[in-house]
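Have a look at the structure below before the remarks.
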Amino acid sequence: MKEKELRRSLSVLPIGTVMKLTDLSARQIRYYEQQGLVIPERNEGNRRMYSLNDIDQLLEIKDYLGEGINMAGIRQLYEQQQQKEESAKNKRQQQPLTDADVRRILREEFKAVGGLSDGTTRLSVRNQEL
DNA sequence: CTTCTAACA
DNA sequence: TGTTAGAA
């Protein structure tokens, strides 16, 4: 299924369409770009052209922001995500995660999210409960 | 008409 | 983040 990924990577959507699809303002979309997240291609007229992957990316960012994570935090989660994708290529086949593994990973995620929050939002589950 | 950049009563 | 001006 390489064709599918190719289509999702084609940058063919102008910012106006992205605004409707993501329910984000042009200001926000451009600002997130300045922050180093979702850098769209530019057409001949210097206009931003987004791909379907960019749309997903923006929606993901929107979710994180809704959970009280700031852009600096998203950048870090993003870098961690990219590093995990690389390491995943090496560790071809992995053993299924044990119950203890899941709880350990979950604890790390909450610790990271809690530390990156801006303070206006609080997690409903305390780290100790994990 | 749509989008871009830069700036702020 | 919103909004606005001036240019493309």
Side-chain angles (χ1 to χ4, degrees):
Chain A
M1 300 201 163
K2 197 152 41 182
E3 285 296 309
K4 185 177 179 182
E5 300 171 6
L6 214 158
R7 293 177 195 290
R8 292 184 62 72
S9 298
L10 288 181
S11 301
V12 294
L13 315 174
I15 197 169
T17 302
V18 179
M19 290 172 68
K20 295 173 184 174
L21 263 38
T22 64
D23 194 43
L24 289 171
S25 66
R27 178 78 162 83
Q28 290 176 302
I29 298 172
R30 296 185 186 120
Y31 180 60
Y32 300 158
E33 181 183 346
Q34 288 192 322
Q35 299 310 300
L37 304 127
V38 190
I39 294 85
E41 289 182 1
R42 297 296 186 107
N43 63 12
E44 313 72 39
N46 191 43
R47 318 213 110 167
R48 279 170 258 251
M49 298 303 277
Y50 300 82
S51 68
L52 295 178
N53 284 324
D54 292 332
I55 301 296
D56 289 336
Q57 182 71 52
L58 286 168
L59 290 173
E60 199 174 301
I61 293 172
K62 191 186 173 189
D63 285 341
Y64 283 138
L65 257 37
E67 293 176 35
I69 302 176
N70 57 46
M71 265 146 284
I74 296 176
R75 252 177 286 169
Q76 289 178 41
L77 291 177
Y78 206 60
E79 293 170 2
Q80 289 176 33
Q81 180 184 311
Q82 290 177 30
Q83 289 174 31
K84 288 188 177 181
E85 288 178 19
E86 292 175 27
S87 63
K89 292 179 180 177
N90 302 320
K91 305 174 185 175
R92 270 303 164 80
Q93 271 185 291
Q94 294 193 348
Q95 296 293 316
L97 279 58
T98 66
D99 213 46
D101 288 329
V102 176
R103 281 187 282 101
R104 175 177 49 68
I105 294 174
L106 227 49
R107 198 189 318 118
E108 295 176 345
E109 299 279 296
F110 272 91
K111 190 196 342 183
V113 172
L116 296 171
S117 68
D118 58 15
T120 62
T121 307
R122 292 168 202 170
L123 296 172
S124 59
V125 182
R126 286 174 296 170
N127 297 338
Q128 291 70 26
E129 295 175 24
L130 293 176

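Computation of the quantities below employed the complete heavy-atom set of this structure, encompassing side-chain atoms and omitting hydrogens, waters and symmetry-equivalent molecules. Reminder, nothing fancy here: chain letters follow the sequence lines and each chain counts from 1.
- Hydrophobic cluster membership differs between A:I39 and A:L58, with clusters built from Ile, Leu, Val, Met, Phe, Trp and Tyr side chains linked at under 4.5 angstrom.
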Where do A:L37 and A:M71 land on the side-chain contact (heavy atoms from CB on, under 4.5 Å) test, with the steps shown first?
-> CA-CA 9 Å; A:L37 304 127; A:M71 265 146 284; 3.9 Å; yes
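- Side-chain atoms of A:R30 and base atoms of B:dT5 include no donor and acceptor less than 3.5 Å apart.
- Protein atom CD of A:E44 is 19 Å distant from nucleotide atom P of B:dT2, rounded to whole Å.
- Counting only distance, with no hydrogens or angles, the side chain of A:R47 and the backbone of A:P14 share no donor-acceptor pair below 3.5 Å.
- Evaluation of the side chain to side chain contact (heavy atoms under 4.5 Å, CB included) rule for A:S11 yields A:E41, A:M49, A:S51, A:D54 as partners, not counting sequence neighbours.
- A heavy-atom distance below 4.5 Å is not found between the side chains of A:Q28 and A:K62.
- Remark: A:R48 is in phosphate contact with B:dC4, judged by side-chain N or O atoms under 4.0 Å from OP1 or OP2.
- Phosphate proximity of C:dT1 to A:Y32: present, with a side-chain N or O under 4.0 Å from OP1 or OP2.
- Summarising the geometry, the separation between CE on A:M19 and P on C:dG2 is reported as 9 Å, rounded to the nearest angstrom.
- At whole-Å resolution of the value, CD in A:E33 and P in B:dC4 are 9 Å apart.
- What separates CD of A:Q34 from P of B:dA7 is a distance of 12 Å, to the nearest Å.
- Rounded to an integer number of Å, the gap from CD1 of A:I29 to P of B:dT3 is 10 Å.
- At whole-Å resolution of the value, CG in A:L13 and P in B:dT2 are 16 Å apart.
- For DNA chain B, the stems formed by at least three consecutive Watson-Crick or G-U pairs, with both atom-pair distances below 3.5 Å, span B:2-8 with C:2-8.
- By the neighbour-count criterion of 12 heavy atoms within 6.0 Å, atom CZ of A:R104 is densely surrounded, having more than that number from other residues, nucleotides or ligands.
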Stepwise side-chain contact (heavy atoms from CB on, under 4.5 Å) check, A:V18 with A:L24 = CA-CA 8 Å; A:V18 179; A:L24 289 171; over 6 Å; no
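- What separates CD1 of A:I15 from C1' of B:dT2 is a distance of 10 Å, to the nearest Å.
- Relative to the side chain of A:R47, the nucleotides C:dT1, B:dT5, B:dT2 differ in distance, and B:dT2 lies closest.
- A straight line from CE of A:M49 to C1' of B:dT3 spans 11 Å, rounded to a whole angstrom.
- Closest to the side chain of A:L65, out of C:dT1, B:dC4, B:dT3, is C:dT1.
- Nearest to the side chain of A:R27, among B:dT5, B:dA7, B:dT3, sits B:dA7.
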